[in-house]
Amino acid sequence: MNITKEQIDDLNAVVTVAITKDDYQDKVDKILKDYKKQANIPGFRKGQVPLGLIKKQYGKSILVDEVNKLLQDNLNKYLTEEKLDVLGNPLPKQQDNFDWENEELAFEFELGLAPDFKVSLDTKKPITRYKIVADKKMVNEQVERLQKQYGKLVSKTEVGKNDEVIGTFKNGEEEIDNKATLELDKIKGKKALEALKGKKVGDSVSVKTKGLFKEDYLLSSVLGVSQEKAKDLDIEVSFTIAEVNEREPAELNQALFDKLFGEGKITSEKEMKERIKADSEKQFEQQADQKLLNDVTEYFIDNTKFELPSEFLTKWIRMTGEEPLTEDQANAEYEKSEKGLRYQLIEGKIIQENGIQLQFDELKEFAKGFIRSQMAQFGQLDPQEEELDTIVARVLGNQDEAKRLSEQLMSQKLLNLYKEKANLKIKEVNYEDFIKEVYG
């Protein structure tokens, strides 16, 4: 067997694999003899079928199978040994009038090669790294929410400004008949607020659904309809009051501190606010980090210039999809995937040049931290190590979950690298300004 490479240009090559009978004949003969022992052909006893007949019926298919196995094994070995960085997979070139009876069989494969390029982490243009702070207003609002959440309900006979009203929404035409709790401080519509104030148990009011709440997502839950339906709903519904309650805020005392943070961990309002501020800013850091990662990614894609073997990749997409594609369809698919492919190459280069690796012990600890935070959301603040180890083993035993966590850990390592080496400018903002600036 002989393998040679013809370099077409920097991004394209053709590899020719020449196979002689010496490479496959012994294997083919052995398989034919095994077939002879097992063959059941009418007119012959088992094991007594002439080898010539076996060869006539099965010889070519066996030859093709064995040659294909040789091609696959040796082509992959060649690409590895020659350290050829290929994109996609080698594509066999069409050969007309191919004769499997020849003493030497030659097969040609087109290769798309990864481009050679450089990535500089020291970005010329500074990239904004947001530091989101929980300001006094936000902390105070969170304290008030917690007081309200853990406060007690006091029954009333008449609807007041910030009461919680339980009642039933109805609209016959839209088949709405849903019992829900209406929090007046979340209502946006002024007419709806005026209609509700002063009403008593048993009274009904008519309200418009469009613009009813400060947060649009609340409409679907109180009406008992899907988010999709609620999004464009502009009707009048009746609301019949069944119960009126005022939520009396919980006192800022040790009982509340213990309930929120664990016994004795917080002992004053000042400590509570400091804890809320720290916890909030830790959560904000995740959003700021994701924004930074997105911005650095976009910067590298826009500013790292290199060519791709686009003609080869389009052909590869057309020939290797689950269903055959037209040339136009393949071009469209390539255009959609080009940006992602560019970043895969850039990211791979950054990982290689900076020696970033994932160790299994690191992945286990990362998974453990992820699971610990998930459990904390459900009130399990201090899980046992043995319990965590069991869950981690189960999670990492799932191939899809292990891949997902590996990608997250790699993103974290890249983010740490960018924070250390990229040209970043810190911008301190509160959360409200961050949302306005980033998302509009």
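Along the sequence shown, residues are numbered consecutively beginning with 1.
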Does any pair with a residue in residues 69-84 pass side chain to side chain donor-acceptor pair (under 3.5 Å), and if so which ones, sequence neighbours excluded? Glu66-Lys69
More than 12 heavy atoms of other residues, nucleotides or ligands under 6.0 Å from CD of Glu432: is that the case? no
In terms of heavy-atom contacts, does NZ of Lys27 have more than 12 from other residues, nucleotides or ligands at under 6.0 Å? no
Does the side chain of Ile3 reach to within under 4.5 Å of the side chain of Thr16, using non-hydrogen atoms? no
Carboxylate-amine/guanidinium proximity below 4.0 Å for Glu194 and Lys190: no
Does the distance from a Lys or Arg side-chain N to an Asp or Glu carboxylate O, for Glu215 and Lys188, drop under 4.0 Å? no
Donor-acceptor pair, side chain of Asn331 and main chain of Glu327, under 3.5 angstrom: yes
With a distance cut-off below 6.0 Å to the six-membered ring centre and an angular limit of 45° from the axis, does Lys349 pair with Phe117 as a cation-pi contact? yes
Do Arg129 and Asp295 meet the salt-bridge criterion of a basic N to acidic O distance under 4.0 Å? no
Under-4.0 Å salt bridge between Lys21 and Glu104: no
Got a sec: does the CD of Gln95 have more than 12 other heavy atoms crowding it under 6.0 Å? yes
Closer than 4.0 angstrom, basic N to acidic O: yes or no for Asp26 and Lys30? no
State whether a side-chain donor-acceptor pair under 3.5 Å links Lys124 with Asn303. no
If you count every heavy atom of other residues, nucleotides or ligands that lies below 6.0 Å from Lys364 atom NZ, does the total exceed 12? no
Set out, in order, the CA-CA distance, both residues' side-chain angles and the distance that settles side-chain hydrogen bond (donor to acceptor under 3.5 Å, both in side chains) for Gln290 and Asn294, then state yes or no. CA-CA 6 Å; Gln290 188 58 57; Asn294 293 345; 3.0 Å; yes
Decide if the gap between the ring center of Phe284 and the ring center of Phe434 is smaller than 6.0 angstrom. no
Quick test of your reading of the model: are Glu110 and Lys315 salt-bridged, counting only N-O distances below 4.0 Å? yes
Would you say NZ of Lys277 has more than 12 non-hydrogen atoms from neighbouring residues, nucleotides or ligands within 6.0 angstrom? yes
Nearest-0.5 Å distance that lies between atom OG1 in Thr181 and atom CD1 in Ile166: 4.0 Å
Taking atom CZ of Phe300 and atom OG of Ser120, what is their separation to the nearest 0.5 Å? 7.5 Å
Can you tell me how far the CG atom of Leu358 sits from the CG atom of Leu363, to the nearest 0.5 Å? 7.0 Å
Which pair of heavy atoms, one from Ile301 and one from Tyr343, lies closest together, and at what distance? CD1-CB, 3.8 Å
Determine, step by step, whether Tyr431 and Gln287 satisfy the side-chain hydrogen bond (donor to acceptor under 3.5 Å, both in side chains) criterion, reporting the C-alpha distance in whole Å, the side-chain angles of both residues, the deciding distance to 0.1 Å, and the verdict. CA-CA 10 Å; Tyr431 187 69; Gln287 287 180 265; 3.2 Å; yes
Lys427/Glu437 salt bridge by N-O under 4.0 Å criterion: yes
Quick check on Phe366: does its CZ atom have over 12 non-hydrogen neighbours (other residues, nucleotides or ligands) under 6.0 Å away? yes
Report yes if the side chains of Glu407 and Met410 come closer than 4.5 Å at any heavy-atom pair, otherwise no. no
Side-chain (Gln7) to main-chain (Asp9) donor-acceptor, under 3.5 angstrom: yes
List the residues meeting salt bridge (charged side-chain N to carboxylate O under 4.0 Å, His left out) with Lys336, not counting sequence neighbours, and say none if there are none. Glu333
Passes side-chain hydrogen bond (donor to acceptor under 3.5 Å, both in side chains), Asp29 versus Gln25? Steps please. CA-CA 6 Å; Asp29 289 344; Gln25 195 61 56; 2.9 Å; yes
Quick test of your reading of the model: are Glu236 and Lys210 salt-bridged, counting only N-O distances below 4.0 Å? no
Taking all heavy atoms of Lys419 and all of Leu424, pick out the closest pair and write down the distance. CA-CD1, 3.7 Å
Out of Asn178, Asp177, Ile241, which residue meets the side chain to side chain contact (heavy atoms under 4.5 Å, CB included) rule with Thr168? Asp177
Salt-bridge test for Lys131 and Glu285: reply yes if a basic N is under 4.0 Å from a carboxylate O, no otherwise. no
Take a 6.0 Å sphere around CG of Asp234 and say whether it holds more than 12 heavy atoms from other residues, nucleotides or ligands. yes
With salt bridge (charged side-chain N to carboxylate O under 4.0 Å, His left out) as the test, pick out the partner of Glu298 among Lys339, Arg342, Lys125. Lys339
Is the cationic atom of Arg275 (NZ for Lys, CZ for Arg) positioned less than 6.0 Å from the six-membered ring centroid of Phe261 and within 45 degrees of its normal? no
If you measure only the distance, is there a donor-acceptor pair under 3.5 Å linking the side chains of Asp135 and Asn430? yes
Indicate yes or no: at least one non-hydrogen side-chain atom of Thr320 is less than 4.5 angstrom from one of Asn89. no
Using a 6.0 Å cut-off, check whether atom CG of Asp10 has over 12 heavy atoms from anything other than its own residue. no
